[in-house]
Every structure is written in structure tokens, then in C-alpha cells.
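First up is the structure itself, then whatever we jot down about it.
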Amino acid sequence: MRASRMNLATLREDPAEAEIASHRLLTRAGYIHKSGAGLYLYQPLLKRVIDKISRIVAEEISRAGGLEITMPILQEQELWEKSGRWAQYQASRTMLTVKDRNGQQFGLAPTAEEVVTDYAANVVKSYKQLPACFFQQHTKFRDEIRPRFGLMRVKEFIMMDAYSFHASPESLDETYEAMRKAYLRAFARLGLTAFAVEADTGAIGGTGSHEFMVAAEVGEDAIIYNPASGYAANVERAAGIVPKASAWASAPAAAQLTLTPKVGTIADVMGFLNANGFPDVKAEHSLKCVLFVVTVKTDKGDKGIPTAAFVRGDRDVNEVKLGNAVARGARGALLEIRPMHPDEVRAATGAEPGFAGPGEGLTVEFCYIDAALKDAGPLVAGANKTDHHLVGFVIERDAKAKFRWEDIVRTQAGDLDTRGGVLAEKRGIEVGHIFKLGTKYSAAMKAEYLGPDQKLHPFIMGCYGIGTSRVAAAAVEQHWDADGLRWPISIAPYHCVIVPAGKPGDTAVESAAQEIYAKLQKAGIEVVIDDRDAKPGVKFKDWDLVGIPLRVVCGRGIAEGKVEFKVRGGESKDVPLADAAATVIEAFIKATETLDNAADAVV
RNA sequence: CGGACCGUAGCUCAGCUUGGCUAGAGCGCUUGCCUUGGGCGCAAGAGGUCGCAGGUUCAAAUCCUGUCGGUCCGACCA
């Protein structure tokens, strides 16, 4: 490829709106063009990167038994009604919808369980055809609350989604495991350091799932992990042991109604009590109450359930755990969870917000107290009376509301791992997710096969996704420096660039560059020759920014028959002109092998 | 959905407070010169109905109202 024909569009300055490296550099280097909020045009360079990612992903999923298909982006509402998810996706407003001229409603594919389940029901008739696995790499839409971070969180993106169908849970387990390996192999080949964590199943549903995370400061997910035990989970799901609170000497023997005027927050209450007779009481001795309305879809329709959640005062409620608990309790599917409005709080507690507790006067449908508070001893709890708290409140003795113990606390760094050791926390970018769906969709949609017992059975299903376009952004987050991008060889838009850096009309430089160019092309190396009429400095800056892994410069050494070879980010070295192509090819093979070996090391 | 801020050239931004000549700079782009090792230098040039619609005024990029779009924060811990 000749650089003069590439429409390179590098920018010298950072775009104003870019906050993270991938957004900034992909814009500056001319990979993405913003077409609208959360909408990006993939420029020629990125198109090549995306194609390479897609290809590697397809190879690995195929290797694990997947068959590639393409499904429509427009999905009929009727199909989503069958699975029961239309309401859920409308409630969370995740799905974009359109109407055709007849007024029929369609969703723009946020995922494709319904479509593929319908497909499988039509083509997979017998247990003899199982297991089966179909996948596609196609555009997905999500009506994001707030698109941001460039390619990271967008309205429209490319995703690989795979769906497997089984006659037994064991078969699902096998494919799930094969997919886990395929993912790790794919990420290794893509040059990404990714790891699997336990995850909540969210809107997809199912019995179990893992997310694949790329560790990055800018990641939107928090991961709780313990390298010693191998435990790793998304904070939405993570469980641990909360270390016991210290004892406090000033705790009264019986719950004591105490005036705490105009102090709503935990910190204020503690400050007030410290100054008024309870010098050693701390936040960890208080009972934090958070009141929610949890909307659950049940057989009898959608229900908004007033719910109280209690955790230790110095801790946070894990809303995902809580929402799941309420959904279980109400035997329905979680649609939405939101904090109560102030007037709802007054209705539920008979007090101004800030004084809710599990004692007399709390009227909610569900009440959960974090299991870590069992045997917690005396606490400070809201009295359900404006400007009053109960000091010395013992849950087991004094709680009047009908409550259930439940793990609803947000696990955090410093909590203990149930397998031993201490948990830590870091941030990650979710690039993949795998689910065991079970029969959730097949049962709802009557997708059945005929078994050897002459009976119809719903498919046991799994589903698997990789955010192809997000992978490109995540790769940048892991591979960049002050000069620009540093693509892994496997997904770089081009492998090598040749920069002629002689005086104009220097035929020796020109012919040397052409010679190497021809040789590399012949060897299958994706090579660019920078034939632009620009100063060498401009060219060097551009290619560093674009992030081409290998570079050959033909310039001042040409008189002695030497050219310069450099790996992006490394040192430049002189090589004889005659060896230049071989040097590039060798470096390419070595870099590729390194990634392939990492993939083969996956267990 | 709430709050804050921002819409001026392809990009990054001045100008707006206190209304007043022909609306500016740097980068990028075009042309010519220079001649080539890290965004080099010199010269000339193209490019903007100042987001849109109303209003106030002799006069609006500037003030007011509305509207559309964008960015950031908050999504709630009682």
C-alpha cells in the first residue's frame, strides 16, 4: 500500500472530548470518525483492525465447534414477547425500536437469543443434531444512557455472539468450557491480557456466567479478586466475609430512643452521638437503611415492590444482589431497581428520610438485612421517627419488621475470601461474557427437539459474546505510549512501513525502498511504503502515532548499503539492505509465534 | 431523569463581561519556493449565514426567550 493513497488523517492535537487513551489516540491517528453521539465511522485503518479481530475470533469459535451465520438486525416484537423479554428491555430502555409502514414494531438487535432460538427450533429437530452452536459477528444496538469513552461505550457496535444448544447439562458444561478456552485463546492471539471473572447474569438470565476482563484503570467494572486463591468476580456478584466490627463500650443494654435532630447521614449521626454520650460509637456500629422500589415481572403482571435493605453503616448496598434477592422472593424477573423518592420514604417509615430502621413503624413489602450483621451486637438504627435513632439496637432482639438475612453488601477490598486470604479490588473492561442459559428461552419459546425417549424437550442453551469493536479499544488501552498506538502484530492494520528518507530524487534510496517493498509484499507481509512528499520527521511521527509494529527506514546509510530496522517502541538497528526483508519477515514470524504460543498455553 | 457547562473555519481555541468598523489565531488544507532524519523554514491563498428560531436594539457572535445538539457530574447510601 502506498501511503499517498491511504487518506491518512492524523491530527496533531487531542480532540477536546476524548478522555481516555483509546478514544484520544484512535481519533488522532485517524482510526475513528465521530458520526454522532455514540456513533462512530470506522475509517480504513480501523476497518482492517476490526476485520483482523473478527477473523481471529471466528477462527477460535469455529475451532470450538461454532458455525458462523448472520442474523437480521431488525427483530420482530412478537419474538421478544414470546421470550417475555420485550417488557424487560422496554423497562430498562436498552432496546432501540422502529416501526415499519404498517406500524409493526421492531427492536434493533441488542442481542439475538430470541432469533437464534426460533431458528434452532426450526432446523434442529432431533437429539442427534445436538450439540449445535451458531455464531455471528454483526452490528448490535443499545440505547445507552450515556455513550462515552470513544469506542468503549457506544450506541452501535460490533459483537460476536454465539449460542449453543444441548440435550443435557453435561453437554452444556462441555461447550461452556470449550468456549472459555476459545475466548482465552482468542484474547491471547489478539495480544490482550484478559481473565475470566464470575459475573451476574443480568438481563440475559441463566444459571451461571463468567465475564472476560481486560485489566485497565479506565475500566467501567470493578473486580474483586484474590490471586492466592484464584477467586475473581465482578463486584456485582462478588461475595466475601466482612471483618467483624469492634465492640463499643458505651452501648446501652436496651435499645434507647435517642433524639438526633437534623442529622440524616451516617457520618452526621455518628458525629452527633459522639458528642452526646456515646464517644466510641462509629459508623460500623450503625445500621444503614436504603429504601428501594424494585420492579419485578411476575405471572400477575409487573409489580413495584417497596423494599428495605440494611447493611452496616460503613458499607454499601450491592443493588444487583438486592434486586436478584427481591426477584427470587417475588418469584419473578427483575425489571428495575430504583431508590425511593422522598415521599415514598415518608410513606414507608412515617418519618423524614434519614431515620429508617427495622424497628416499629417500617412498612415495606420486603425487608432484607445483610447476613454479615448476624450477631452484630448493639447497633444504631433509625427509629422511623423524624429526628430519632435507636441506640443499642440488637437486630435479633429488637427488629419488628419481618425480615430475611441475605447477602446484599457490596464486597470490597479488605474483606476476607471464603477460601482464605484477603480480597483486593481492581478495574477492568468487559470484553466478553459467557452464560449458561439453561431452558429459559427454549421453554418460553417452545423450542424443542425430539429425544431418544420419543418425547419433546426444550433445548438446554448457552450463549457467548465478545465485543469485537470494544476489543479494539481495549487493545489500545493495553498498548500505547507517548508517541501513539502500539498494536500487537496480529491486529495491526499493517505489519510494516517502509520510510524512504533520502533527498528528493535520490534514486538509491528510492530503489532500495522499492526493492524491500516488493520482497515483503511477495512474502505476504502487509506493508506500507511512505511515498508521500513529506519530511522524514512528519513520516516518523505519523507512523508512530498510527502504531505500525515494524519499520524500515531507507536513508543516510544507503551509501554503505545499510537500512534501519525498528520495532515500534524498541531501538533502531542498521541492517544490510540485502537482509532487510528477511529481518522484517523474521520479526513478524517471531511476534506472531509469541502470541500463538500464548494461545497454546491456555488451559 | 436531575444538575453544571459548551455550541465561532476540518481540528484546538480567542472574541461575548461592557452590543458598534470587513469576525480572529495556531494547526490542517491549496499553490509556489526551500530541500529532506522527528510534526522544518519562507511567501501567497481557499475556507465561517458565529447550532437553529424568535425577541430587544439604529446596530447582535455578544443581551433575552425558546429550541436542537454536545460534554461533564449525579444517578441513590437516608
Side-chain angles (χ1 to χ4, degrees), chain A residues 7-19 23-24 27-30 33-39 93 145-150 260 262-269 283 286-294 307-319 322-323 336-346 348-349 351-357 362 370 380-384 386-387 389 408-410 482-484 499-506 509-510 530 532-546 551 553-558 563-564 566 572:
Chain A
N7 261 301
L8 285 175
T10 56
L11 300 175
R12 195 180 297 217
E13 284 166 289
D14 285 333
E17 64 205 29
E19 294 188 87
H23 187 190
R24 197 163 54 79
T27 303
R28 265 190 64 197
H33 170 79
K34 186 172 170 175
S35 175
L39 301 171
R93 287 179 293 219
I145 296 174
R146 182 137 82 95
R148 60 182 133 177
F149 300 143
T260 50
K262 296 197 170 86
V263 285
T265 68
I266 299 274
D268 290 347
V269 173
S286 67
L287 194 53
K288 179 190 282 184
C289 176
V290 191
L291 295 162
F292 295 94
V293 174
V294 182
T307 302
F310 292 93
V311 295
R312 213 169 77 181
D314 60 336
R315 304 298 299 252
D316 295 321
V317 173
N318 181 330
E319 288 185 31
L322 177 70
E336 191 195 13
I337 175 165
R338 65 164 175 85
M340 280 191 186
H341 304 135
D343 54 321
E344 291 168 325
V345 172
R346 288 181 202 107
T349 66
E352 284 299 304
F355 303 95
L362 182 68
D370 183 48
V380 176
N384 300 321
T386 300
D387 290 346
H389 278 79
I408 54 168
V409 72
R410 182 196 189 280
D483 292 319
V499 179
K503 295 181 193 303
D506 185 336
V509 162
E510 192 55 33
D530 195 345
R532 294 177 299 168
D533 178 23
K535 309 277 178 182
V538 173
K539 298 181 180 180
F540 296 151
K541 285 284 185 194
D542 268 353
W543 296 113
D544 283 348
L545 180 60
V546 170
R551 187 183 83 185
V553 178
C554 301
R556 53 192 168 202
I558 211 74
V563 298
E564 295 151 55
K566 184 166 170 286
S572 173

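Here is how names work: the chains are called A, B, and so on, in the same order as the sequence lines, proteins then strands, and each is numbered from 1.
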Contact class for [X] (heavy atom, under 4.0 Å): base, sugar-phosphate, or nothing?
{"X": "A/D544", "value": "base"}
{"X": "A/V499", "value": "nothing"}
{"X": "A/E564", "value": "base"}
{"X": "A/R24", "value": "nothing"}
{"X": "A/A309", "value": "nothing"}

For the residue pair A/T10 and A/D542, confirm or rule out a side-chain donor-acceptor distance under 3.5 Å. yes
Rounding to an integer number of Å, can you tell me how far A/R532 CZ sits from B/rC29 P?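 After rounding, the reported distance stands at 10 Å.
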Pairwise [atom1] distance for [N] and [M], with rounding to whole Å:
{"N": "B/rU17", "M": "B/rC77", "atom1": "P", "answer": "40 Å"}
{"N": "B/rA61", "M": "B/rG54", "atom1": "P", "answer": "14 Å"}
{"N": "B/rC34", "M": "B/rC42", "atom1": "C1'", "answer": "8 Å"}
{"N": "B/rC13", "M": "B/rC50", "atom1": "C1'", "answer": "14 Å"}
{"N": "B/rG47", "M": "B/rA23", "atom1": "P", "answer": "13 Å"}
{"N": "B/rC6", "M": "B/rG24", "atom1": "P", "answer": "24 Å"}
{"N": "B/rG15", "M": "B/rC76", "atom1": "C1'", "answer": "42 Å"}
{"N": "B/rC27", "M": "B/rA44", "atom1": "P", "answer": "14 Å"}

At a cut-off of 3.5 Å, list every protein nitrogen or oxygen paired with a nitrogen or oxygen from nucleotides 39-48 of chain B, distance to 0.1 Å.
from   : atom 1 : to     : atom 2 : distance (Å)
B/rG39 : O2'    : A/R12  : NH1    : 2.0
B/rG39 : O2'    : A/R12  : NH2    : 2.7
B/rG39 : O6     : A/R28  : NH2    : 3.4
B/rG39 : N1     : A/D542 : OD1    : 3.2
B/rG39 : N2     : A/D542 : OD1    : 2.9
B/rC40 : N3     : A/K535 : NZ     : 3.0
B/rC40 : N4     : A/K535 : NZ     : 2.6

Shortest non-hydrogen contact from [X] toward [Y]:
{"X": "A/R28", "Y": "A/P15", "value": "CG-CD, 4.0 Å"}
{"X": "A/F292", "Y": "A/M340", "value": "O-CE, 3.6 Å"}
{"X": "A/A351", "Y": "A/N384", "value": "CB-C, 3.6 Å"}
{"X": "A/D530", "Y": "A/P500", "value": "O-CD, 3.2 Å"}
{"X": "A/R24", "Y": "A/D14", "value": "CG-OD1, 3.1 Å"}
{"X": "A/E319", "Y": "A/I337", "value": "O-CD1, 3.7 Å"}

Nucleotide forming a Watson-Crick or wobble pair with [N], both distances under 3.5 Å:
{"N": "B/rA4", "result": "B/rU71"}
{"N": "B/rC40", "result": "none"}
{"N": "B/rC77", "result": "none"}
{"N": "B/rU65", "result": "B/rA53"}
{"N": "B/rC34", "result": "none"}

Quick one, [X] and [Y] - any side-chain contact, counting heavy atoms below 4.5 Å?
{"X": "A/L8", "Y": "A/W543", "result": "yes"}
{"X": "A/R556", "Y": "A/V509", "result": "no"}
{"X": "A/R315", "Y": "A/R410", "result": "no"}
{"X": "A/V409", "Y": "A/N318", "result": "no"}
{"X": "A/F149", "Y": "A/E19", "result": "yes"}
{"X": "A/R312", "Y": "A/K288", "result": "no"}

Presence of donor-acceptor pair under 3.5 Å, side chain of A/E13 and base of B/rG26: yes
Whether each nucleotide of nucleotides 70-76 of chain B has a protein heavy atom under 4.0 Å at its base (B), only at its sugar-phosphate (S) or at neither (-) is summarised, 5' to 3', as SSSB-BB
Hey, which of these two, A/R556 or A/A356, hits RNA chain B nearer its 5' end, going by closest nucleotide?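 Final value for this comparison: A/R556.
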Pairwise 5' ranking along RNA chain B for A/M340 and A/C554, keeping only the more 5' one: A/C554
Pull out every protein N or O sitting under 3.5 Å from an N or O of nucleotides 30-32 of chain B, one pair per line with the distance.
none

